[in-house]
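Each remark here refers to the structure printed beneath this line.
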There are 2 protein chains.
Amino acid sequence: MIALKQPVPSNCGDCPIRNRAVCAHCDHDELVALEEIKYYRSFEAGQTIIWSGDKMNFVGSVVSGIATLTQTMEDGRTQMVGLLLPSDFVGRPGRDGAAYDVVATTDIVMCCFRKAPFEELMSKTPHIAHRLLQMTLDELDAAREWMLVLGRKTAREKIASLLSIIARRDASLAATTSGGGKVFDLPLTREAMADYLGLTLETVSRQMSALKKDGVILLEGKRHVTIPDMQRLLEEAGDDSDGGFLT
Amino acid sequence: MIALKQPVPSNCGDCPIRNRAVCAHCDHDELVALEEIKYYRSFEAGQTIIWSGDKMNFVGSVVSGIATLTQTMEDGRTQMVGLLLPSDFVGRPGRDGAAYDVVATTDIVMCCFRKAPFEELMSKTPHIAHRLLQMTLDELDAAREWMLVLGRKTAREKIASLLSIIARRDASLAATTSGGGKVFDLPLTREAMADYLGLTLETVSRQMSALKKDGVILLEGKRHVTIPDMQRLLEEAGDDSDGGFLT
DNA sequence: CGCTCAGTTGAGTCTTGTCAACCACAGTGG
DNA sequence: CCACTGTGGTTGACAAGACTCAACTGAGCG
């Protein structure tokens, strides 16, 4: 996994997530106040950013890179409960301890705010609180969507669902849409995929092979994926959203 | 299921969920403004309150009774994604269509606010927005907790998890704690439990029988449950939070 | 060259789902 | 009063999907 050292934005105006992060709706003055309490931190792929149970003294946004939110049982079973992409928010205002492990899966840059001043600021600037509410509601929807995947879908459907989610968001970022087909690199290992989907890594591997054999996806190496027919993938995911009233 | 006709509170001061709902932090003036736009609605057990995809013209709080939030796939597989208890909030400010079906599982009373004026009010009164953010964050945590249950727990652990959740919240409301044991009536059918846990109703039934046979729970009729040893139940749920470093 | 790490594949097992029969109870109408 | 019916729940036999354990491949690296 080659992850280029991401440049840290020199100021909020240049920030790549300026329009989507907690600060999206902030006006100039609010931004200035935020700049006062912000600092950047970088983490390497594989590093744990926050340990579950640790005291959190900051909150922040992912600027670039990908992190995961995971929960682990005493016997080692782990479940991923969130995938943090650029602009996603980390930490919970009004709570001291972290509830989940946060792990960088690629090199990552975070824009952190000291927690106390951030909370202070939040109570004074409705723009931030409002944006955070929006983002939290979106995350709640995503979590509920995922509950359907975890509870009711087969292994094959789970894989297809994950691939279509990655394809979709990649589409909104740097999607390479070559001739109707979507192309991207999987940001997750087979094990991370398994943890996301409530499967074992062997099952993930088998179903990836099966989808490849059936022509639903093309694989080049282990990580480079091409989706020749997005509609087909969605059908495999059980998300055949257009009703399917024909045949 | 006998569900007494719940009395509708005559004003917010008498409201049983006054301290826990969206309006919890509101001062007198804010409450007056809310009263302007609020109205009560009652639904009978089994009634669908909101259909997924419908246009929502209200948001509101559950005053008494229980409702479920469910998602359904084209082929009929359904997954419950939320359990709505008194004080829980229904609806999403800033979105028109409902994302999930909301179904009353007992007779239920809701305190509804017309959506547009509520949104208007929310933008002006930080107390409401702030409380809603808190509640949404709590729901997100609950959803993530549930993702672990759905993704990684066995059928037996799932049942034990559900029972312990119900026991715990019942404890905070009307818990009958008779001599160290918790006693309550299941508010859900076996099918609803299955939909919550990502299981079939047969598996739910089998695991309930197994837990009964093993003395983890006592069953009287189909719904009346006694938990003689809460710690034991938590162990069965895989939530053995006290570490279990002895043996 | 040998090591490690991520991933693949195979064989066998086990949990859970499927299909079906059956029970208990409540209501209903003759 | 009693058969009849519908609903919610239980139980059994069997099948299938996913897991476990294990061997193996291939790429990258010192």
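Below, all heavy atoms of this structure are taken into account, side chains as well, without hydrogens, waters or symmetry copies. So that the names make sense, note that chain A is the first sequence line, chain B the second, and so on, each numbered from 1.
Atom CZ of Arg223(B) is separated from atom C1' of dC25(C) by 13 Å (rounded to the nearest Å). Taking atom CD of Glu191(A) as the reference point, atom P of dT8(C) lies 13 Å away to the nearest angstrom. If you take NZ of Lys153(A) and C1' of dG17(C), they are 19 Å apart, rounded to a whole angstrom. Taking atom CZ on Arg152(B) and atom C1' on dT16(C), their separation rounds to 16 Å, with Å as the unit. To the nearest angstrom, C1' of dG7(C) lies 11 Å from CG of Leu219(A). The nearest whole Å value for the distance from the CZ atom in Arg156(B) to the P atom in dC14(C) is 17 Å. Distance, Lys222(A) NZ to dG7(C) P: 8 Å, rounded to whole Å. Rounded to an integer number of Å, the gap from CD1 of Ile159(B) to C1' of dT16(C) is 12 Å.
With Lys153(A) contributing its side chain and Leu148(A) its backbone, the two residues share no donor-acceptor pair below 3.5 Å. Ser209(A) places a side-chain N or O within 3.5 Å of a backbone atom of Ser205(A) that can act as its donor or acceptor partner.
Summary of helix geometry: the two end axes of the helix from dC1(C)-dG30(D) to dG30(C)-dC1(D), each defined by five base pairs via their C1' atoms, are inclined to each other by 20° (rounded to 10°).
Listed by first and then second residue, the ring pair (Phe, Tyr, Trp, His ring centres under 6.0 Å) pairs that reach into residues 50-71 of chain B come to none, sequence neighbours excluded. Identified under the side chain to side chain donor-acceptor pair (under 3.5 Å) test for residues 184-199 of chain A, with sequence neighbours left out: Thr78(A)-Asp195(A), Asp185(A)-His224(A), Asp195(A)-Arg152(B).
Comparing Arg190(A) and Ala155(B), the nucleotide of DNA chain C nearest to each residue sits closer to the 5' end for Arg190(A).
Within residues 194-209 of chain B, the residues that have a heavy atom under 4.0 Å from DNA chain D are, in order of number, Leu201(B), Glu202(B), Ser205(B), Arg206(B), Ser209(B).
Using a 4.0 Å cut-off between charged nitrogen and carboxylate oxygen, Arg144(B) and Glu139(B) do not count as a salt-bridge pair. A salt bridge does not link Glu202(A) to Arg206(A): none of the charged nitrogens lies less than 4.0 Å from a carboxylate oxygen. Ion pairing between a basic and an acidic side chain is recognised when a charged N comes within 4.0 Å of a carboxylate O; Glu157(B) and Arg77(A) show such pairing.
A 4.5 Å side-chain heavy-atom check between Glu145(B) and Gln71(A) finds at least one atom pair inside the cut-off. A heavy-atom distance below 4.5 Å is not found between the side chains of Glu220(B) and Val183(B). In this structure, Leu162(B) and Leu197(B) have side chains that are in contact, with non-hydrogen atoms separated by less than 4.5 Å.
In summary, contact between chain B and DNA chain D, defined as any nucleotide atom under 4.0 Å from a heavy atom of the protein, begins and ends at dG9(D) to dA13(D) in the 5' to 3' direction.
Partners of Asp141(A) according to the side chain to side chain donor-acceptor pair (under 3.5 Å) rule, which considers only residues two or more places apart in sequence or in another chain, are Arg92(B), Arg95(B), Tyr100(B).
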